[in-house]
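Just below is one structure, and these are the notes that go with it.
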Amino acid sequence: MKTHTRAPGRESGPRARSRRGLALLAVLMMPLAGAGALAAPAAAVPVVPASMTQTALAQTVNVRAANGHFALMRGVVDPVRDRLYIADATSPSGAWLTVIDLKTGLSSLIALAGPSSASGVAVSPLDGTVYVTHNTLPPSAVSVVDPDATYTDAVRPPQVVLPQQNPERIQVGADGRVYILHGYDRIVNVLGASTGPDRLNLVQSLALPGGDGESGFIRDATGDRLLVADEPGRGLIVVDSSVNPAVLGARIDMSFGPHSIAVDPASGTILATNAADNTLNWLGATPWTGTAPVLRTETLGAFPDGAEPWSDQRAIVPRADGSVEVLTRVWPVTLNSFLSVVPPVVNAENPVRTLNLGRGPSDLIDDPRAGGARYVLTAGGLVHTLTDVTLTADASTRALGAAGEYRALVSRADGRPAAGLSVDFGNGLSAVTDAAGIARVPAPERTIGQHSFTATLALPALAPLSATATAEITRAQPVVTLGLDRAEVVAGESARATVSVTGVAEAAAGGTVRLLDAKNAVRGTATLSAGTASITVTGLTAGDTELRAEYLGDDSYLPGTSAPARILVSAPANPSLIPSVVSAAPGAEVRIELRDFLPGERVSVTLHSDPVLLGTVTMDERGAGVLIARIPTVTPGAHTIIAVGETSGRITRIPFTVESAALPAAVDAGPRPAGLAATGANLAGAGVLAALLLAAGVLTSMRVRRRG
């Protein structure tokens, strides 16, 4: 690559016109395949994770394939009707206005009368009237097209004949007056306002100073002033269109000859390219008088080797974000032209980048609406839509075994649908965006963890459009089932539980399962093998028992619990009654242990043969209980303790002996005489006791008297 140096006098005189004519002829003879070829994008920049935005050629309308027309020269957007009008110089025998519906991308044609070589086009801001210049020798003309009329070959738009040759550039002021620049004759012709009585009349001509040559011709954001680039004279010529008739304003002198010019609508700054050193310059002319100092200069993309001297910067478009786009047309047409994108601040991280535009671009047209696209016209019959494209990658989190997908969302800054674009997800996966701009492919991974992928959009862009995202696969939810080999057992017997953990085809469940009862007590554990395990349940007690299996999870599955399973545990047919002693005297406490009744039932305990209730006790969850009973006063001798379950009716009994009550011990009075009855001995003892008590009373009486 090398910096292109413009040959002196490249825009002046018959020789330059002859070269341009030969170049245009080469374009018209160019095959369609060559015209539509786009070179590879510029060198890659670091990929932005998840989302990435780049200026790209988002869409191409092939006008030549649709209607055979291919010499697309200049264009303009009608934002009210959502149309792109293109001056179409397809045939030496006639000129055309190509109309593209920006909503649908469909193109249509309006045949124009008079001379051929339609070269410039403009739209009135008042009523949408379209003006098309015919770039021919005298007499040249301007076609005036009603945007709402229907034209045929027999009924074509009217024309205004102009006395000068080669009217290439055209602008419409804020008041609807039309200004046509004849670059080689240095004349600006003025037509009446589009809504006035002179709309088809030439009402004024302004002679411009300076030499001949094709020049930049623009109007400011208000539409009240026009600027003509005077490249040979190194300056700008101001036309004041705020007055009627228009007048020439003050000339703005510059340090170089401006080729293409533009006005930044946000700041009012004038932008101008210097074809001699291939630069873009920001000028400080305020208020458009006197000398215009250069405030900033940036070098544009380099011309390729073999570029002809008359290769040039064709158009400038300032962007709302402060960047500037410059279209460079390269001759010969066998070489690719390009777009230079100058960021608001140029440095190592944000250099001037280029986007290859293919062969023979003729104009760069800005859509004035917010977020609007830019349209690149080519002499080969293609209309490229240039806009900021955002690619966003996304993938949903899913459980193991569940269906997942990779997604890529493509959106355009101009708000147009981004359908039909091919997105590559890697590993042989690709998809085309739907009407909502979304491309989807099934996610291929089948293992737990995070899996990254990169989506790449196949569009010519400043940098390859790619975005990364992560798809996460989490543990699956298992299905835990519990089966029992018996529905009913007797207390003391065992049962076998089978636990099954099922899930997805990708992984068999492993890990540990536990068997829990209704009180969450662990009744057994086991390790799964091929998703199943067996647990022997022991220690079952009487009553209905609810069991459930708990799965603790593994690397592939979350924990889970089975539905409860019930097993009826019956008490033995013969309950038992165990007293702490088998005989006792009345008043003694006896501990009576009861077993093998129903859990929770009340058991009555009585002493027979004359029934005496010893007490009642409620059985625990095992059907057991303890009663502390006091032996009542009953006839000594043989008796029976009987226990009866009030719910189950179960009964058990055990013999019990009630001993005689104990009597007080006798006072020993010494040896009894032979034959003395035990009763007599007892009376003698009582007499002795009485004598002792009497003696004690006498002594007490004597003490009382002595005190007195």
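For clarity, every value in this text was computed on a predicted model and none was experimentally measured.
- Sorted by first and then second residue, the pairs that involve residues 393-449 and meet ring-ring contact (aromatic ring centres under 6.0 Å, His included), not counting sequence neighbours, are Tyr406-Phe453.
- Taking CG from Leu540 and CG from Leu547, the interatomic distance works out to 7.0 Å, rounded to the nearest 0.5 Å.
- The side chain to side chain contact (heavy atoms under 4.5 Å, CB included) search around Ala122 returns Ile170, Val172, not counting sequence neighbours.
- The minimum heavy-atom distance linking Phe303 with Asn278 is given by the pair CE1-OD1, 3.5 Å.
- Under the side chain to side chain donor-acceptor pair (under 3.5 Å) criterion, Asp366 pairs with no residue at all, not counting sequence neighbours.
- A donor-acceptor pair is defined here as one N or O able to donate and one able to accept, closer than 3.5 Å; no such pair exists between the side chain of Ser337 and the backbone of Leu357.
- Of all the heavy atoms in Ala435 and Pro417, the pair that sits closest is O-CB, 4.2 Å.
- Applying the salt bridge (charged side-chain N to carboxylate O under 4.0 Å, His left out) test to every pair with at least one member in residues 432-445, sequence neighbours left out, gives these pairs: Glu405-Arg440.
- In plain terms, the two heavy atoms of Arg83 and Pro147 that are nearest each other are NH1-O, 3.0 Å.
- One finds the CD1 atom of Ile218 at 4.0 Å from the CD1 atom of Ile261 (value rounded to the nearest 0.5 Å).
- Shown are Ile365, Asp101, Val61, Val76; of these, the side chain to side chain contact (heavy atoms under 4.5 Å, CB included) with Leu84 is made only by Ile365.
- The shortest side-chain heavy-atom distance between Val77 and Pro368 falls under the 4.5 Å cut-off.
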Next on the checklist: Evaluate Val123 against Tyr85 for side chain to side chain contact (heavy atoms under 4.5 Å, CB included), listing each step before the verdict.
Outcome noted: CA-CA 9 Å; Val123 172; Tyr85 294 108; 3.8 Å; yes
Item to check | Audit row: Leu386, Leu364, side chain to side chain contact (heavy atoms under 4.5 Å, CB included) steps and yes/no | outcome: CA-CA 9 Å; Leu386 189 68; Leu364 176 65; 4.3 Å; yes
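- For the side chain to side chain donor-acceptor pair (under 3.5 Å) test, no residue two or more places apart in sequence or in another chain qualifies with Gln477.
- With hydrogens and angles disregarded, no donor-acceptor distance shorter than 3.5 Å links the side chain of Asp264 to the backbone of Thr269.
- For Asn427, the CG atom sits in a loose shell: 12 or fewer heavy atoms of surrounding residues, nucleotides or ligands are nearer than 6.0 Å.
- A heavy-atom distance below 4.5 Å is found between the side chains of Arg475 and Pro559.
- Note that the CE atom of Met73 and the CG atom of Leu377 stand 9.5 Å from one another [nearest 0.5 Å].
- Distance check, rounded to the nearest 0.5 Å: OG1 of Thr378 to CG of Asp363 gives 11.5 Å.
- Arg329 has a carboxylate O that lies under 4.0 Å from a charged side-chain N of Asp312, or vice versa, which qualifies the two as a salt bridge.
- Side-chain contact between Val324 and Ile316 is present, with heavy atoms from C-beta onward closer than 4.5 Å.
- Side-chain contact between Leu465 and Val410: absent, with no pair of heavy atoms (C-beta onward) separated by less than 4.5 Å.
- In this structure, the side chains of His451 and Arg446 stay at 4.5 Å or more apart for every pair of heavy atoms.
- Partners of Ser430 under the side chain to side chain donor-acceptor pair (under 3.5 Å) rule, at least two apart in sequence or in another chain, do not exist in this structure.
- When side chains are defined from C-beta on, Val513 does not count as touching Leu515, because their heavy atoms never get closer than 4.5 Å.
- For Arg74 (side chain) and Val121 (main-chain N/O), no donor-acceptor pair under 3.5 Å exists by modelled atom type.
- In this structure, the salt bridge (charged side-chain N to carboxylate O under 4.0 Å, His left out) partners of Asp82, at least two apart in sequence or on a different chain, are Arg369, Arg416.
- Of the charged side-chain nitrogens involved, at least one lies within less than 4.0 Å of a carboxylate oxygen, so that Asp517 and Arg523 count as a salt-bridged pair.
- With sequence neighbours left out, Thr481 forms a side chain to side chain contact (heavy atoms under 4.5 Å, CB included) with Val479, Ser500.
- Taken from CG in Asp555 to OG1 in Thr447, the straight-line distance is 12.0 Å, to the nearest 0.5 Å.
- Remark: side-chain polar atoms of Tyr375 are not paired, donor with acceptor, to backbone N or O of Asp367 under 3.5 angstrom.
- Evaluation of the side chain to side chain donor-acceptor pair (under 3.5 Å) rule for Thr536 yields Arg496 as partners, not counting sequence neighbours.
- By the neighbour-count criterion of 12 heavy atoms within 6.0 Å, atom CG of Asn350 is densely surrounded, having more than that number from other residues, nucleotides or ligands.
- What you find for Pro304 and Leu335 is that their closest heavy atoms are CG-CD1, 4.1 Å.
- Here the side chains of Val341 and Leu355 are not in contact, with every heavy-atom distance at 4.5 Å or above.
- Pairs passing the ring-ring contact (aromatic ring centres under 6.0 Å, His included) check and including a residue from residues 517-554, sequence neighbours excluded, do not occur.
- Although no hydrogens or angles enter the test, the distance criterion places no donor-acceptor pair under 3.5 Å between the side chain of Thr433 and the main chain of Ile438.
- No donor-acceptor pair under 3.5 Å is formed between the side chain of Ser494 and the backbone N or O of Thr538.
- Side-chain atoms of Asp554 come within 3.5 Å of backbone atoms of Gly510 as a donor-acceptor pair (strictly under, hydrogens ignored).
- Taking each heavy atom of Ile448 and Thr474 in turn, the nearest pair found is CD1-O, 3.1 Å.
- Between the side chain of Ser452 and the backbone N or O of Thr470, no donor-acceptor pair lies under 3.5 Å.
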Item to check | side chain to side chain contact (heavy atoms under 4.5 Å, CB included) between Thr328 and Thr354, intermediate numbers included | outcome: CA-CA 10 Å; Thr328 296; Thr354 58; over 6 Å; no
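- In this structure, Thr561 OG1 and Glu550 CD are separated by 5.0 Å, a value rounded to the nearest 0.5 Å.
- Ala315 approaches Ser260 most closely through the heavy-atom pair N-OG, 3.9 Å.
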Item to check | Residue pair Val63, Leu382: steps toward the side chain to side chain contact (heavy atoms under 4.5 Å, CB included) verdict | outcome: CA-CA 6 Å; Val63 175; Leu382 302 178; over 6 Å; no
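- Remark: side-chain polar atoms of Asn356 are not paired, donor with acceptor, to backbone N or O of Gly358 under 3.5 angstrom.
- Between Leu283 and Leu271, every side-chain heavy-atom pair lies at or beyond the 4.5 Å cut-off.
- Applying the side chain to side chain donor-acceptor pair (under 3.5 Å) rule to pairs touching residues 385-397 yields Ser51-Thr392, Thr53-Thr390, Thr55-Asp388, Arg319-Asp388, Asp394-Arg407, sequence neighbours excluded.
- Annotation: side chain to side chain contact (heavy atoms under 4.5 Å, CB included) contacts of Arg296 (sequence neighbours excluded): Trp282, Glu298, Val342, Val346.
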